[in-house]
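Report on the following structure.
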Amino acid sequence: MDHSLTDDQIAFFRREGYLAPLRAISAEAASGYCRRIEEYERQTGQEAQKRLKIKAHLAYPWMVELARNPAIVDAVRSLIGDDILLFGSSLFAKNGRDVRYVSWHQDSAYYGLTPHEEVTVWVAFTPSNRSNGCLRVIPRTHLGPDMEHDETYDANNLLARGQTIRGIDESQAVGLELQPGEFSMHHERTVHGSLPNPSPGRRIGLAFFYMPAHVRSTLGRRAALPIAGSDSYGHWDRDPEPRFDLDPESLAFLDRVWNQYRDESVLQASRAAS
Ligand SMILES: O=C(O)CCC(=O)C(=O)O
């Protein structure tokens, strides 16, 4: 079955900088993924998102399979073309009655990619709505410039540096409400964030960061996961795919990339080059 976006959906994304909701997997499959995340937390005794960041897909073959889910890939292909790489992925989980939030930010300020054609797909493993702190976007901000981010390092901010764009007009915000198994899409420059979760239940989603193969890294040679089509450009090395759950080799790679991502000098290089 072809899951390509319609012309209207493509036009909406190009104009507004986001699109939602679309369905990737059944609600049952999403609950199954949720249980796997909780199983990881039981096994390791720590919140999954503490480690499953920036290249979360290197932890589990099922995450790689989800990144290659045909409904998601067809939608992404409609926006960025046939030759698709996965730059990264991050788990975003808020507990019930969780004060943590994600401040307004643009992914383009930190990813070190050029041109800015990355598209983020956020897949809901639980309901994600206005009452539990769903993803919110500011429409049409992808058409504007890269904005200044203050690094607040607020402990309640789920972003590594608490990176925050000041002065956003919150009245413009649109909440991307999703049922389990649905996904939203937003452009790399679209300003987005999310509020705390005052509800009793958890809100969990996995974000995948897709780019066309012609996109380059402004931070030197890095790796990505081939998703669809071919890569005749050769700008990216290949991520080591996990051979089994929690494969120590691919996890060690994930940890290295995460440490690099947090490195201040790397961040400054990304800014200077973008
Ligand atoms: O899940 C959230 O609350 C924020 C997600 C986010 O910032 C992203 O997917 O880029």
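This structure is a prediction, so every number in the text was calculated from the model and none was measured. In listed order, ligands and their atoms are each counted from 1.
Close N/O approach between R203 and ligand 1 is found [any backbone or side-chain N/O within under 3.5 Å].
Ring orientation note: the planes of Y60 and Y40 are nearly perpendicular, at an angle over 60° on the 30°/60° scale. Classified by interplanar angle (parallel below 30°, tilted 30° to 60°, perpendicular above 60°), the ring pair H186/H192 is tilted.
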Trace of the side chain to side chain contact (heavy atoms under 4.5 Å, CB included) decision for Y153 with R161: CA-CA 5 Å; Y153 290 92; R161 299 162 187 277; 3.3 Å; yes
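Of the protein's heavy atoms, H192 NE2, 2.9 Å lies nearest to atom 10 (O) of ligand 1. Taking atom 9 (O) of ligand 1 as the reference point, the nearest protein heavy-atom neighbour is W122 CD1, 3.3 Å.
Which parts of ligand 1 touch H105 is read off a 4.0 Å heavy-atom cut-off, strictly below it: atoms 7 (O). Taking every non-hydrogen atom of D107 and a distance limit under 4.0 Å, the qualifying atoms of ligand 1 come out as 10 (O). Of all the atoms in ligand 1, the ones that sit under 4.0 Å from a non-hydrogen atom of S194 are 2 (C), 3 (O). Near A207, with a cut-off below 4.0 Å to any heavy atom, the atoms of ligand 1 are 9 (O).
Closest heavy-atom approach to atom 4 (C) of ligand 1 within the set V102, L91, V137, L159: this belongs to V102.
Not less than 6.0 angstrom separates the ring centroid of F208 from the ring centroid of F87. Within the 6.0 Å centre-distance limit, the rings of Y110 and H149 are counted as a close aromatic pair.
Between the side chain of T164 and the backbone N or O of S103 there is no donor-acceptor pair closer than 3.5 Å. Without hydrogens or angle criteria, E177 side chain to R130 main chain gives a donor-acceptor distance under 3.5 Å.
The proximity of L135 to ligand 1, defined as any non-hydrogen pair under 4.0 Å, is limited to the side chain.
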